[in-house]
Number of protein chains: 2
Amino acid sequence: MSDFTNPRGYPIGEMSKRTGVNIETIRYYERINIMPKPDRTAGGNRQYNHDQLKRLSFIKTSRELGFSIDEIRALLEMVDREDFTCGEVHGLTIGHLASVREKIKGLRKLEKALVGMAAECSQGNVPDCPILETLFQARTRSKPALPT
Amino acid sequence: MSDFTNPRGYPIGEMSKRTGVNIETIRYYERINIMPKPDRTAGGNRQYNHDQLKRLSFIKTSRELGFSIDEIRALLEMVDREDFTCGEVHGLTIGHLASVREKIKGLRKLEKALVGMAAECSQGNVPDCPILETLFQARTRSKPALPT
DNA sequence: GATGCGGTCTGTAGCCACTACAGAAGCAAG
DNA sequence: CTTGCTTCTGTAGTGGCTACAGACCGCATC
């Protein structure tokens, strides 16, 4: 196992190990054009350089932060054209933050509803369950049974 | 527009209006066997009965509570076989609650990270952005840049 | 009974962001 | 030269829908 601290190029597996991005996913990123087509060895295997490693890290970190591929594409385009401003990037981040907060809010409501349902349940072994009764509540005339 | 309070059967559009489930989705539920094949009119249009309306409401409510189709299938199978116990249902609910709480936890971490990044950003119009710097942080030797 | 119009039909393909193969070929060590 | 791991391309599948196309149904009106 060689060292790769100062390599001419990284094979795809090394990229995967270093970034934690699945090999198939790296190729997928190339297909959808957020990773560039790398050099190839004589035999046709991909060889990445350090910039590409950094780019992949960027994508991975952004994905972990929940940015969509399209948001990442937008960020990368700004970077690539070198004509972004910090304000633009901030805006994209704040927008994403808002959507994360929305998701949290929604999940909290779910949590509450589930807790409420579970609390009413005796957990007994009789086939008579308030949870199912709640779920079966007819939502006639399009009144939602749950707060949305 | 007729009343449908006491109908022989509901056409699919009426089911959709009453439950808030998209028509295409209702047909999809039939295809994946969580809704039964309903009666048909002479001409071949679907006609649902009241039980089926209740079942669809059940599915809709459960989906809104974040249950996966497979979890719903499990619930419905218990109901259909009439051999469930309240304890089983409770267990399924608690399991789902745990996964909702996991998701909330994860999103909170994201939220914090995003807030931290955004706070360091001057929002200026210079192309020199601490957010991008954070995202570009190389994650060499598979140390994750973010807590997982 | 013809017409019109909205509802419904089937079947297929697309969405997101991957993931999972199959079957062939590259590459490095011994 | 062989062995055994890595990588290659291409295609199909995942979940949970959604979006068509192009045809047919059903009901009201004239």
B/I26 CD1 - D/dG16 P separation (whole Å): 18 Å

Distance in angstrom units between A/K60 NZ and C/dA17 P, rounded: 14 Å

Below 4.0 Å: OP1/OP2 of C/dT19 and any side-chain N or O of A/N22: yes

Nearest atoms (heavy-atom pairs only) where A/L65 meets B/A113: CD2-CB, 3.6 Å

A/R46 side chain, from C-beta outward: closest of D/dT9, C/dA17, D/dC17: D/dT9

Residues that B/D70 engages under side-chain contact (heavy atoms from CB on, under 4.5 Å), provided they are two or more places apart: B/S68, B/R73

Counterpart residues, ring-ring contact (aromatic ring centres under 6.0 Å, His included), relative to B/H90 (two or more places apart): none

Between C/dC27 (P) and A/I12 (CD1): distance, integer Å: 14 Å

Between D/dT14 (P) and B/I69 (CD1): distance, integer Å: 14 Å

Shortest non-hydrogen contact from B/L56 toward B/Y29: CD1-CD1, 3.8 Å

Sugar-phosphate, base or nothing in reach of B/R27, heavy atoms under 4.0 Å: base

Side-chain N or O of A/Y29 closer than 4.0 Å to phosphate OP1/OP2 of C/dA17: no

Given D/dT18, C/dT19, C/dG26, the nucleotide with the shortest approach to the side chain of A/T25: C/dT19

Distance in Å, B/I34 CD1 paired with B/L76 CG, rounded so as to fall on 0.5 Å steps: 6.5 Å

Per A/R63 side chain, nearest of listed nucleotides D/dC8, D/dC25, C/dA17: C/dA17

Pair A/E24 + A/R27: basic N to acidic O under 4.0 Å: yes

Whichever of B/E24 and A/E24 has its nearest DNA chain D nucleotide further upstream toward 5': A/E24

Residues from residues 31-44 of chain A lying under 4.0 Å of DNA chain D - heavy atoms: A/R40, A/G44

Among D/dG16, C/dT8, C/dC18, the nucleotide that comes nearest once only the side chain of A/Y28 is considered: C/dC18

Spacing of B/E30 atom CD relative to C/dT10 atom C1', expressed in whole Å: 12 Å

Spacing between A/I23 atom CD1 and C/dC21 atom C1', to the nearest angstrom: 14 Å

For atom OH of B/Y10 and atom P of C/dT8, their distance in whole Å: 15 Å

Which atom of B/G66 lies closest to which atom of B/E71, heavy atoms considered: O-OE1, 4.3 Å

Nucleotide C/dA17, atom P - distance to CZ of A/F67 in whole Å: 13 Å

